[in-house]
Q: 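Have a look at the structure that comes next, please.
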Amino acid sequence: MKPIRLSSAHVGEPELKALSNLLCPNTYLGMGDEVLHFEAELANYLGIHEKYVVAVNSGTAALHLACTTSCTKGHEIIVPSLTYVATLQAISAAGCKPNFCDVNIHTATLDLEHAKSIVNAKTKAIMPMHYAGNSHNLDAIHHFATKHNLRVIEDAAHAFGCTHEGKKIGSFGDLICFSFDGIKNITCAEGGAIIAFNDEDAKYCRQARNLGIVKADNDFDVNNQGWRYHMSNIFACIGRVQLSRLHSEFAPKRQDLAKIYYNELKTLAQNNKIAFLHFDQTNEIIPHIFALRILHGQRNRLKSALAALHIETAIHYKPSHLLTYYKSECILPRTMQLYSELISLPLHVEMQKEDIQYICHNIQKILN
Ligand SMILES: *Cc1c(COP(=O)(O)O)cnc(C)c1O
């Protein structure tokens, strides 16, 4: 049996064709028309004005710009410890301090009750991460943020194409950050975007992604720190094709594969050996990962047994407050519990129904 990979990009003929049209003599590979088209198409997809969409070269760059536009040195940002380290690097790169928040045991998303107990005078933003595409509690988070005068920076790296109460993630809110890296719901190879629903923020992000350069007829100026975060035409070209394939190909495939997992594993869930994460039925999810909880201390045994069968899995994520650079004495019991229970099973567009059945058959054998 060949190894089953945890995740994979799905690119082929359509992307190749678009790239071969772009890669001709005298083509421009920097930030040009392809990027402008990609931004306009993202705006159109989200149903928002294109002035709010700023394409950048990674999700991490999007998060960093969102932090620098909303916070300055010394400010604190409430963030779940259970997130990818990119979220934390964005916060610290902006000179801010992460204020680690626990998560809800059923959803693995930010626990608002805990956030209420740690918000303080230095807190300037709250950064929910839509774990596995789940925007659980987003309205309540906005309500809390308004009350405490906080900015809301959504780490929506898992949630491109997902909806919250019928509205697309990125079609409303404050600052929303997407990633289009190689394994996300759509890819540019590397890329990301910030949606900034404020003219000042959007203008700042647009300048800061391009070394802070402000152009004025035949001259230019720089007023702020900037970075080399702009997106290249090559990456935008791939992203445009991927966006056009999301709802016709990728979303139904990911959703079907997840359904097979639920179906094949439901007896284990009924027998309390595993627990699925909870999702609000009013939200549509395009699952970027398929994570579940393995109960009764069996996770590591399962993970090793699957590895021996060449089935790749992952733990999303090692809590950030345990990392040397971000070490903190905070007590996050549900984060630690999930860290010992969570496993992410293979999920990507190149998988077949039989792959999932094979994985589930083995999980049943190992856990029973
Ligand atoms: C992928 C990801 C990022 C970073 O995106 P890049 O495009 O890889 O820089 C940030 N946060 C989360 C939760 C992610 O999954």
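In listed order, ligands and their atoms are each counted from 1. Positions are given from 1 along the sequence.
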Q: Side chain, backbone, both or neither: which applies to Glu190 and ligand 1 if a contact is any heavy-atom pair less than 4.0 Å apart?
A: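 Neither part.
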Q: Would you mind checking if Glu39 and Arg240 are paired as a salt bridge, meaning a charged N to carboxylate O distance below 4.0 Å?
A: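 Salt bridge flag = no for Glu39 with Arg240.
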Q: Which ligand 1 atoms does Gly191 reach within 4.0 Å, using its non-hydrogen atoms?
A: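 Taking each heavy atom of Gly191 in turn, ligand 1 has 7 (O) under 4.0 Å.
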Q: What atoms of ligand 1 come closer than 4.0 angstrom to any heavy atom of Leu63?
A: 10 (C)
Q: Out of all atoms in ligand 1, which are within 4.0 Å of some heavy atom of His158? Include the element for each.
A: 13 (C), 15 (O)
Q: Taking 4.0 angstrom as the limit and counting only heavy atoms of Asp181, give me the atoms of ligand 1 inside it, by number and element.
A: 1 (C), 6 (P), 7 (O), 8 (O)
Q: Which residue owns the protein heavy atom closest to atom 9 (O) of ligand 1, what's the atom, and how far is it?
A: Thr60 OG1, 2.5 Å
Q: Side chain to side chain donor-acceptor pair (under 3.5 Å) for Tyr261 and Gln357? Distances and angles first, verdict last.
A: CA-CA 8 Å; Tyr261 270 129; Gln357 285 167 333; over 6 Å; no
Q: Answer side chain, backbone, both or neither: which part of Phe178 comes under 4.0 Å from ligand 1, heavy atoms only.
A: neither
Q: Can you tell which part of Met129 has a heavy atom less than 4.0 Å from ligand 1: side chain, backbone, both or neither?
A: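 For Met129, only side-chain atoms sit under 4.0 Å from ligand 1.
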Q: Is there a donor-acceptor contact under 3.5 Å linking the side chains of His136 and Tyr131?
A: no
Q: Using a 4.0 Å cutoff against the non-hydrogen atoms of Thr87, which atoms of ligand 1 qualify?
A: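 By the 4.0 Å cutoff, the relevant atoms are 11 (N).
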Q: How are the rings of Tyr45 and His247 set to each other: parallel, tilted or perpendicular (split at 30° and 60°)?
A: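 Taking His247 first and then Tyr45, their aromatic rings sit tilted (interplane angle of 30° to 60°).
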Q: Which is closest to atom 12 (C) of ligand 1 by heavy-atom distance: Cys177, Ser58, Gly192, Ala157?
A: Ala157
Q: Does a salt bridge link Arg151 with Asp201, judged by any charged N lying under 4.0 Å from a carboxylate O?
A: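 Salt bridge between Arg151 and Asp201, a charged N being under 4.0 Å from a carboxylate O: yes.
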Q: Would Tyr317 count as a contact of ligand 1 if the rule is a heavy atom under 4.0 Å away?
A: yes
Q: What are the atoms of ligand 1, with element, lying closer than 4.0 Å to any heavy atom of Gly59?
A: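 Result: 5 (O), 6 (P), 7 (O), 9 (O).
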Q: Where does Ala86 meet ligand 1, judged by heavy-atom distances below 4.0 Å: at the side chain, the backbone, both, or neither?
A: side chain
Q: Is the shortest distance from a Lys or Arg side-chain nitrogen in Lys124 or Glu76 to a carboxylate oxygen in the other one below 4.0 Å?
A: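 Here Lys124 does not pair with Glu76 in a salt bridge, since their nearest N and O are not under 4.0 Å apart.
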Q: Is it the case that ligand 1 has an N or O less than 3.5 angstrom from some N or O of Ser179?
A: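 Among all N and O atoms of Ser179, at least one is under 3.5 Å from an N or O of ligand 1.
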Q: Can you tell me which residue and heavy atom of the protein come closest to atom 2 (C) of ligand 1, and the distance to 0.1 Å?
A: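 Its nearest protein heavy-atom neighbour is Lys184 NZ, 2.8 Å.
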Q: Between Asp155 and ligand 1, which part of the residue brings a heavy atom under 4.0 Å of the ligand: side chain, backbone, both or neither?
A: side chain
Q: Quick one: do the Thr68 and Tyr204 side chains pair a donor with an acceptor below 3.5 Å?
A: yes
Q: Centroid separation under 6.0 Å, is that true for the rings of Phe180 and Phe38?
A: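 Phe38 vs Phe180: aromatic centres under 6.0 Å.
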Q: So, are Glu341 and Lys273 salt-bridged, with charged N and O less than 4.0 Å apart?
A: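 Not counted as a salt bridge, because no side-chain N and carboxylate O are separated by less than 4.0 Å.
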Q: Could you tell me whether Asp256 and Lys253 make a salt bridge, using a distance below 4.0 angstrom between a side-chain N and a carboxylate O?
A: no
